[in-house]
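Report on the structure given below.
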Amino acid sequence: MAANMKAVKLRIKSVESTMQITKAMELVASSKLRKAKERADTCRPYFQELYRTLQDIAKGNTEFYSIYAKEAKNEKCCYVLVAGDRGLAGGYNANLFRCFEADAKGKEICVVPVGKKAVEYAKSRKLDILTDSFAEIANLSVADSFEIARALCREFRKGTFGHVELCYTKFVSMLSQMPVSVPILPLIDIAKEDGEDPETKKIRNLILYEPNGVEVFEAIVPEYLGGLIYGGICESVASELAARRTAMEAATGNAEEMIEQLNLYYNRARQASITQEITEIVGGAEGV
């Protein structure tokens with residue numbers, strides 16, 4: 001009985017140590033989450049404005065042509081796969097990879113993995129990796145996002161692939177994160193004319209672009225892609241922190257419940273041990 005009680009006591013101490021770690025990770029994730037969410041919210045207007053500018057140029061030129069807005073003949077697709085650097089975030093990485101696998105099924109693909117887990121995933125499955133220079137998502141900046149965008153545009157123009165998709169985790173709320181795969185090249189939908197107010201079209205046609213609309217369009221596309229990629233990275237970082245906070249909160253709660261059950265078991269065993277000792281003493285006294 002004494003040996004069993006000692007094992008329970010050691011188990012309680014072990015769970016308490018684990019609970020301290022999960023609680024600390026929960027607090028760290030919570031402290032970082034607010035800043036990450038603010039960064040994600042701040043960067044959205046940037047590429048939204050670039051998108052509107054691309055629309056204006058494409059719709060304002062009757063003889064508009066750009067390789068970025070042309071329907072691709074090459075069916076190969078390059079995925080910018082944005083995952084985390086670490087685990088302990090519930091199903092964050094696994095859900096993203098399932099989304100990627102579902103979208104990429106049956107396609108000829110290559111990937112630009114962003115984040116340590118994305119690099120590990122791509123290498124373990126022997127995927128065609130365009131570059132693995134962006135292995136740590138925590139250290140990526142806006143400049144890195146634009147570097148990725150320029151590399152994608154360069155390879156797209158060379159014909160290495162005909163489609164580009166951004167696979168990341170969208171931050172919906174503190175309790176909800178949704179993995180998505182978004183087509184970002186070619187921009188064929190932007191170049192299509194849609195129904196709009198004639199007065200709006202008349203005003204837009206007064207805008208002049210130097211040297212011309214197409215060159216401005218093609219100069220803006222890498223900036224636009226860089227903004228999209230940076231936005232996806234910011235959303236993913238916020239999603240990972242939210243997922244880790246939720247997972248660590250659940251782990252801490254489970255640890256508290258386990259400690260409570262172990263303490264109950266320990267106290268019952270201790271009470272039974274004391275009762276047995278009293279019984280033995282009383283029995284010994286009666287025998288005398």
Side-chain angles (χ1 to χ4, degrees), residues 1-41 81-102 114-121 124 136-139 167-180 232-281:
M1 179 66 72
N4 190 32
M5 289 174 61
K6 184 177 181 181
V8 173
K9 198 68 175 176
L10 289 173
R11 178 64 173 160
I12 291 173
K13 289 183 179 179
S14 174
V15 176
E16 285 176 342
S17 297
T18 303
M19 186 178 70
Q20 289 177 352
I21 295 172
T22 58
K23 186 64 177 178
M25 292 183 68
E26 177 191 345
L27 294 174
V28 170
S30 297
S31 65
K32 290 182 178 180
L33 178 57
R34 181 180 299 175
K35 184 180 292 186
K37 184 178 181 299
E38 288 176 356
R39 188 175 68 165
D41 292 338
L81 185 62
V82 185
D85 289 334
R86 296 181 296 158
L88 298 176
Y92 170 76
N93 290 308
N95 293 337
L96 175 77
F97 295 145
R98 276 197 292 270
C99 173
F100 164 72
E101 289 169 0
V114 177
K116 289 181 180 178
K117 292 296 181 182
V119 173
E120 291 173 4
Y121 173 86
S124 67
E136 294 189 20
I137 191 171
N139 296 330
C167 190
Y168 71 104
T169 303
K170 184 178 181 181
F171 182 87
V172 180
S173 69
M174 295 292 186
L175 299 176
S176 178
Q177 301 83 42
M178 182 175 64
V180 294
I233 289 173
C234 292
E235 294 265 352
S236 294
V237 170
S239 296
E240 181 183 7
L241 290 170
R244 180 168 293 114
R245 176 185 174 278
T246 301
M248 292 301 99
E249 184 179 21
T252 301
N254 292 337
E256 289 174 346
E257 184 178 344
M258 186 178 294
I259 290 171
E260 184 179 346
Q261 292 175 349
L262 287 170
N263 277 325
L264 181 62
Y265 179 82
Y266 177 81
N267 290 333
R268 285 177 177 174
R270 183 168 175 269
Q271 186 178 16
S273 177
I274 293 171
T275 302
Q276 183 179 355
E277 288 178 6
I278 293 173
T279 303
E280 290 174 353
I281 291 170

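We count residues from 1, following the sequence as given. Note that the structure is a prediction, hence the values are computed from the model and not measured.
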Value rounded to 0.5 Å, distance of [atom1] in [X] from [atom2] in [Y]:
X: C234; Y: K35; atom1: SG; atom2: NZ; result: 13.0 Å
X: T252; Y: L27; atom1: OG1; atom2: CG; result: 8.0 Å
X: I259; Y: E256; atom1: CD1; atom2: CD; result: 7.0 Å

Whether the side chain of [X] engages the backbone of [Y] through a donor-acceptor N/O pair (distance < 3.5 Å, no angle test) should be reported.
X: N93; Y: R86; value: yes
X: S239; Y: T169; value: yes
X: S17; Y: K13; value: yes
X: Y92; Y: S236; value: yes
X: E235; Y: F171; value: yes

Looking at every heavy atom in both [X] and [Y], which two are closest together, and how far apart are they?
X: A247; Y: G90; result: CB-N, 3.6 Å
X: A89; Y: A243; result: O-CB, 3.4 Å
X: D85; Y: I137; result: OD1-N, 3.0 Å
X: L33; Y: A242; result: CD1-N, 3.9 Å
X: V82; Y: L96; result: O-CD2, 2.8 Å

Between F100 and Y121, how do the two ring planes meet: parallel, tilted or perpendicular, split at 30° and 60°?
perpendicular
With side chains defined as the heavy atoms from C-beta onward, is the minimum distance between [X] and [Y] less than 4.5 Å?
X: K23; Y: E26; value: yes
X: V15; Y: R11; value: yes
X: V237; Y: K32; value: no
X: M19; Y: M258; value: no

If you count every heavy atom of other residues, nucleotides or ligands that lies below 6.0 Å from Y265 atom OH, does the total exceed 12?
no
Atom CD of E16 with >12 non-hydrogen neighbours under 6.0 angstrom
yes
State plainly whether the residues E240 and R244 are in salt-bridge range, i.e. N to O under 4.0 Å.
yes
